[in-house]
Visitor: 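Quick one: the structure is below, questions incoming.
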Amino acid sequence: MKSIYNFSAGPAILPAAVIQQAQEEMRDWRGAGMSVMEMSHRSKAFIAMAQQAEADIRDLMAIPDHYRVLFLQGGASTQFAAVPLNLFNATKNQADYYLTGAWSKKAIAEAKRYGQIHVVADTSAQKFTTLPAPGSVKVSPDAAYVHYTPNETIQGVEFHTIPDTGDVPLVADMSSNILSRPIDVSQFGIIYAGAQKNIGPAGLTLVIIRDDLIGKAAENVPAMLNYATHVKAGSMYNTPPTYAWYIAGLVFQWLKAQGGLPKMAEINQRKAAALYAAIDQSDFYHNPVEPTYRSWMNVPFTLTDDTLDAPFLQQASDHGLETLKGHRSIGGMRASIYNAMPEAGVQALIEFMSEFERTHG
Ligand SMILES: *Cc1c(COP(=O)(O)O)cnc(C)c1O
């Protein structure tokens, strides 16, 4: 088999051990005589697997008992609507949003359909290369919630501290940095994430929601978008994304075997530091993000001479370094280095970059 390192932003690399186990269990899941894909979501076997996955993520993230964990479909983009639809009501339909990059921009555009949105932090004038300083953002006391994007996957900016919003529930789109380090879940009202970056395959969306925020949606909110529906049915109101749920469960077990989120944080920080150091020490490569707010997960960089972009990508691919092309809105390159990217992959990229600079600089 061809051995490569996949730097895709999403769907993204999964741990090799997880793919291997999925392959071994593909046709006959632990003696069931069928694959997980062919199993009823109401079967004992699947329910046990699903419950184990929930127990494992609760354990990994130290999720308090007064939070529910939902395994849904529709991607993070569906949550852009679900959040206001569940948290706005007849007496309160305003929310505060941070505008810090392409994904928060989309979340804002969607939320505006349902209520009054106040953009309380806006880094668009800095081309999303920085973030508001901790403590500098004022929350409206009347806001139903405050929404922010802890890691902007496209721009490569990441909050390394959690905003303090007092009694106003904090909602986070954690699609691209969930499980990358320990966080204090009790500081959030809702955390949501599309699975395809740091959890598992596309098709699964994780929602972690505090009990008091459930059951507030208006009567006309579609059942499928109402958190209460899914809480009541244990994420099985309709057919859940069973295979993706199973793979996510394998990833959670893999994370525990690695030493959990404290260990992942240590490794992720080391990987990011090495790559940023390689970029910063050269005039050939450039990352525009203010160092304090650089992402541990997504590292965009440009070549000073952009006519070298195509040869860079081609030769990287020849070296087994795949999917390094930057997002179409930004150009240049982007290395996504999620949990499943081994340190050896980052080292291989750094060595290739140095060699490419030597031969083209
Ligand atoms: C990828 C991504 C999304 C979109 O996720 P979908 O599951 O494709 O809807 C939203 N927010 C962030 C931060 C992302 O990285």
Visitor: Test of understanding: clusters of I, L, V, M, F, W, Y form through side-chain heavy atoms closer than 4.5 Å, transitively. Do Ile4 and Leu321 belong to the same one?
Guide: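 Different clusters: Ile4 never reaches Leu321 through Ile, Leu, Val, Met, Phe, Trp or Tyr contacts under 4.5 Å.
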Visitor: Could you check whether any side-chain N or O of Thr205 sits under 3.5 Å from a backbone N or O of Gly75, counting only pairs where one atom can act as donor and the other as acceptor?
Guide: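 Yes, the answer is positive, given that a donor and an acceptor are paired below the 3.5 Å cut-off.
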Visitor: Relative to each other, are the rings of Trp245 and Phe46 parallel, tilted or perpendicular (30° and 60° limits)?
Guide: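 Correct class here is perpendicular.
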Visitor: With a cutoff of under 4.5 Å between side-chain heavy atoms, which Ile, Leu, Val, Met, Phe, Trp and Tyr residues group with Met224?
Guide: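 Tyr237, which link up through side-chain heavy atoms under 4.5 Å apart, make up the rest of the cluster.
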Visitor: Taking NZ, NE, NH1 and NH2 as the nitrogens, is one of them in Lys2 or Glu322 under 4.0 Å from a carboxylate oxygen of the other?
Guide: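 Yes, Lys2 and Glu322 are salt-bridged.
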Visitor: Under 6.0 Å between ring centres: does that hold for Tyr293 and Phe128?
Guide: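 No, they do not, as the ring centres are separated by 6.0 Å or more.
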Visitor: I'd like to know if the side chain of Ser176 and the backbone of Asn151 have a donor-acceptor N/O pair within less than 3.5 Å.
Guide: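 Side chain of Ser176 to backbone of Asn151, a donor-acceptor pair under 3.5 Å: yes, one is there.
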Visitor: Can you tell me if Asn268 uses its side chain to pair, donor with acceptor, with the backbone of Met264 under 3.5 Å?
Guide: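 A pair under 3.5 Å: yes.
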Visitor: Should the heavy atoms of other residues, nucleotides or ligands under 6.0 Å from CZ of Arg30 be counted, would the total exceed 12?
Guide: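 Yes - once you tally the heavy atoms of other residues, nucleotides and ligands closer than 6.0 Å, there are more than 12.
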Visitor: Measuring from Tyr67:OH to Ile190:CD1, what's the distance to the nearest 0.5 Å?
Guide: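 Output value for this atom pair is 10.0 Å.
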Visitor: State the CG-CD distance between Leu131 and Gln155, to the nearest 0.5 angstrom.
Guide: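 Reported value, rounded in 0.5 Å steps: 10.0 Å.
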Visitor: Please check this pair: side chain of Thr149 against backbone of Glu152, looking for a donor-acceptor N/O pair closer than 3.5 Å.
Guide: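 Side chain of Thr149 to backbone of Glu152, a donor-acceptor pair under 3.5 Å: no, none is there.
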Visitor: Within the supplied structure, the quantity of interest is the number of heavy atoms (other residues, nucleotides, ligands) at a distance under 6.0 Å from Arg42 CZ; does it exceed 12?
Guide: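 Enclosed: over 12 neighbouring heavy atoms sit under 6.0 Å from CZ of Arg42.
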Visitor: What distance separates Leu60 CG from Asp56 CG, expressed to the nearest 0.5 Å?
Guide: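 Answer rounded to 0.5 Å: 6.5 Å.
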Visitor: Carefully, step by step, assess Tyr5 and Phe352 under the rule side-chain contact (heavy atoms from CB on, under 4.5 Å).
Guide: CA-CA 12 Å; Tyr5 291 112; Phe352 167 72; over 6 Å; no
Visitor: Are the charged groups of Glu54 and Arg58 less than 4.0 angstrom apart, N to O?
Guide: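 The answer is yes: the pair qualifies as a salt bridge.
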Visitor: Is it true that a side-chain atom of Asn198 and a backbone atom of Ile178 form a donor plus acceptor pair closer than 3.5 Å?
Guide: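 Pair found, side chain donor or acceptor close to backbone of Ile178.
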Visitor: Under 3.5 Å, is there a donor-acceptor pair between the Asn298 and Arg334 side chains?
Guide: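 The criterion, which ignores hydrogens and geometry beyond distance, is not satisfied for Arg334 and Asn298.
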Visitor: Do Tyr227 and Val207 have side-chain heavy atoms sitting under 4.5 Å apart?
Guide: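 The answer is yes; the side chains approach within 4.5 Å.
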Visitor: Residues two or more places apart in sequence or in another chain: which of them pass salt bridge (Lys or Arg N to Asp or Glu O under 4.0 Å) with Asp211?
Guide: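 Asp211: salt bridge (Lys or Arg N to Asp or Glu O under 4.0 Å) contacts with Arg68.
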Visitor: Within the distance-only criterion (no hydrogens, no angle test), does the side chain of Thr304 pair as donor or acceptor with the backbone N or O of Phe284 below 3.5 angstrom?
Guide: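 Between the backbone of Phe284 and the side chain of Thr304 there is a qualifying donor-acceptor contact (under 3.5 Å).
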Visitor: Measure the CG-CG distance between Leu204 and Leu206 for me, rounded to the nearest 0.5 Å.
Guide: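 Rounded to the nearest 0.5 Å, the CG-CG separation comes out at 6.0 Å.
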Visitor: Would you call Val185 and Ile183 a side-chain contact if the rule is heavy atoms closer than 4.5 Å?
Guide: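 A side-chain contact exists here, since the closest heavy-atom pair is under 4.5 Å.
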Visitor: For the residue pair Phe356 and His360, does the interplanar ring angle fall in the parallel (under 30°), tilted (30 to 60°) or perpendicular (over 60°) class?
Guide: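 It falls in the parallel class, under 30°.
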Visitor: Is there a donor-acceptor contact under 3.5 Å linking the side chains of Gln126 and Thr129?
Guide: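 Result is no, nothing qualifies.
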Visitor: How about Ser175 and Thr153: do any of their side-chain heavy atoms sit closer than 4.5 Å?
Guide: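 Side chain of Ser175 against side chain of Thr153, heavy atoms only: no contact under 4.5 Å found.
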Visitor: How about Asp318 and Gln315: does a side-chain donor come under 3.5 Å of a side-chain acceptor?
Guide: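 There is no such pair (donor and acceptor under 3.5 Å, judged by atom type) between the side chains of Asp318 and Gln315.
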Visitor: Between Asn287 and Asp280, does any side-chain donor sit less than 3.5 Å from a side-chain acceptor?
Guide: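 Checked: Asn287/Asp280 side chains show no N/O donor-acceptor pair below 3.5 Å.
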Visitor: Looking at Gly31, is its backbone amide N or carbonyl O close enough to the side chain of Asp28 to form a donor-acceptor pair, meaning the two atoms are under 3.5 Å apart?
Guide: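 The answer is yes, because a donor-acceptor pair under 3.5 Å joins these two groups.
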Visitor: Under the criterion side-chain contact (heavy atoms from CB on, under 4.5 Å), I'd like the reasoning laid out for Arg210 against Phe188: C-alpha separation, chi angles, the key distance, then a yes or no.
Guide: CA-CA 8 Å; Arg210 209 172 64 205; Phe188 296 87; over 6 Å; no
Visitor: Could you tell me whether a side-chain N or O of Thr359 sits under 3.5 Å from a main-chain N or O of Glu355, the two making a donor and an acceptor?
Guide: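 Flag set: sc Thr359 to bb Glu355 pair under 3.5 Å.
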Visitor: Heavy atoms only: give me the nearest Glu357-Ser282 pair and the separation to one decimal.
Guide: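 So the two residues come closest at OE1-CB, 3.3 Å.
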Visitor: When you compare the side chain of Val289 with that of Thr130, does any pair of heavy atoms fall below 4.5 Å?
Guide: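 A side-chain contact is absent here, since even the closest heavy-atom pair is not under 4.5 Å.
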Visitor: Mind listing the side-chain donor-acceptor pairs of residues 340-350 below 3.5 Å, one per line with the distance, residues two or more places apart or on another chain?
Guide:
from   : atom 1 : to     : atom 2 : distance (Å)
Glu343 : OE1    : Arg270 : NH2    : 2.9
Glu343 : OE2    : Arg270 : NE     : 2.8

Visitor: Regarding Asp173 and Lys106, does a basic nitrogen lie under 4.0 Å from an acidic carboxylate oxygen?
Guide: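 No, Asp173 and Lys106 are not salt-bridged.
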Visitor: Do you know the tightest heavy-atom contact between Ala202 and Pro11?
Guide: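 Closest heavy-atom pair between Ala202 and Pro11: CB-CG, 4.2 Å.
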Visitor: If you count the non-hydrogen atoms of other residues, nucleotides and ligands that lie under 6.0 Å from NZ in Lys216, is the total more than 12?
Guide: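 It does not: Lys216 NZ has 12 such atoms or fewer within range.
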Visitor: Got a sec, which residues hit side chain to side chain contact (heavy atoms under 4.5 Å, CB included) with Glu110, two or more places apart in sequence or on another chain?
Guide: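 Only Phe80, Ala81, Arg113, Tyr114 meet the side chain to side chain contact (heavy atoms under 4.5 Å, CB included) criterion with Glu110.
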Visitor: Could I get the full list of side chain to side chain contact (heavy atoms under 4.5 Å, CB included) partners for Thr91, not counting sequence neighbours?
Guide: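 With sequence neighbours excluded, Thr91 shows a side chain to side chain contact (heavy atoms under 4.5 Å, CB included) to Asn89, given in chain and number order.
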Visitor: Do the side chains of Ser329 and Ile154 get nearer than 4.5 Å, heavy atoms only?
Guide: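 Ile154 reaches Ser329 side chain to side chain.
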Visitor: Under a 4.5 Å cut-off applied to non-hydrogen side-chain atoms, are Pro163 and Tyr98 in contact?
Guide: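 A side-chain contact under 4.5 Å exists here.
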Visitor: Please evaluate residues Tyr246 and Glu25 with respect to the criterion side-chain contact (heavy atoms from CB on, under 4.5 Å), reporting the C-alpha separation (whole Å), side-chain torsions for both, the decisive distance (0.1 Å), and the verdict.
Guide: CA-CA 11 Å; Tyr246 152 71; Glu25 297 179 342; 2.6 Å; yes
Visitor: Going by heavy atoms in the side chains, are Tyr285 and Met353 under 4.5 Å from each other?
Guide: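 Side-chain contact under 4.5 Å: yes.
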Visitor: Do Leu255 and Leu179 make a side-chain contact, defined as non-hydrogen atoms from C-beta onward lying under 4.5 Å apart?
Guide: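 Side chain of Leu255 against side chain of Leu179, heavy atoms only: contact under 4.5 Å found.
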Visitor: Give the other cluster members for Trp296, using side-chain heavy-atom distances under 4.5 Å between Ile, Leu, Val, Met, Phe, Trp and Tyr residues; answer none if it is isolated.
Guide: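 So far as hydrophobic clustering goes, Trp296 is joined with Met297, Tyr338.
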Visitor: Quick one: pull up CD1 in Ile108 and NE2 in His118 and give me the separation to the nearest 0.5 Å.
Guide: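 Result: 12.0 Å between the selected atoms.
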Visitor: Which atoms form the tightest heavy-atom contact between Trp254 and Ala17, and what is the distance?
Guide: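 In this case the closest contact between Trp254 and Ala17 is CD1-CB, 4.1 Å.
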Visitor: Measure from NZ or CZ of Lys197 to the centre of the six-membered ring of Trp103 and say whether it is under 6.0 Å with the direction within 45° of the ring axis.
Guide: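 Yes - Lys197 lies over the ring of Trp103, closer than 6.0 Å to its centre and within 45° of its axis.
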Visitor: Between Thr307 and Asp305, is there a side-chain donor-acceptor contact under 3.5 Å, judged purely by atom types and distance?
Guide: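 Present: a donor and an acceptor within the cut-off.
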Visitor: Would you say His160 and Arg294 are linked by a side-chain donor-acceptor pair, where the criterion is simply a distance under 3.5 Å?
Guide: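 Distance-only check fails for Arg294 and His160.
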Visitor: So which heavy atom on Pro288 is nearest to which on His286, and how close?
Guide: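 Shortest heavy-atom contact: CA-NE2, 3.7 Å.
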Visitor: Can you tell me if Asp309 uses its side chain to pair, donor with acceptor, with the backbone of Leu313 under 3.5 Å?
Guide: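 No, the answer is negative, given that no donor and acceptor are paired below the 3.5 Å cut-off.
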Visitor: Can we call the ring centroids of Tyr97 and Tyr145 under 6.0 Å apart?
Guide: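 So the answer is yes for these two rings.
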Visitor: Considering residues, nucleotides and ligands other than Asp212, do more than 12 of their heavy atoms fall under 6.0 Å from its CG?
Guide: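 Yes, because the 6.0 Å sphere around CG of Asp212 holds more than 12 heavy atoms from other groups.
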Visitor: Do any N or O atoms from the side chain of Ser235 and from the backbone of Phe71 form a donor-acceptor pair under 3.5 angstrom?
Guide: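 Here the side-chain-to-backbone pair exists.
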Visitor: In Å and rounded to the nearest 0.5 Å, what is the CD1 to CD1 distance from Ile63 to Ile191?
Guide: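 Here the interatomic distance stands at 7.0 Å.
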Visitor: Transitively linked via ILVMFWY side-chain contacts under 4.5 Å: Ile47 with Ile247?
Guide: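 As far as the 4.5 Å side-chain criterion goes, Ile247 and Ile47 are connected within one cluster.
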Visitor: How far apart are the C-alpha atoms of Ile279 and Val299, what are their side-chain angles, what is the distance that settles it, and do they pass the side-chain contact (heavy atoms from CB on, under 4.5 Å) test?
Guide: CA-CA 10 Å; Ile279 293 167; Val299 181; 3.7 Å; yes
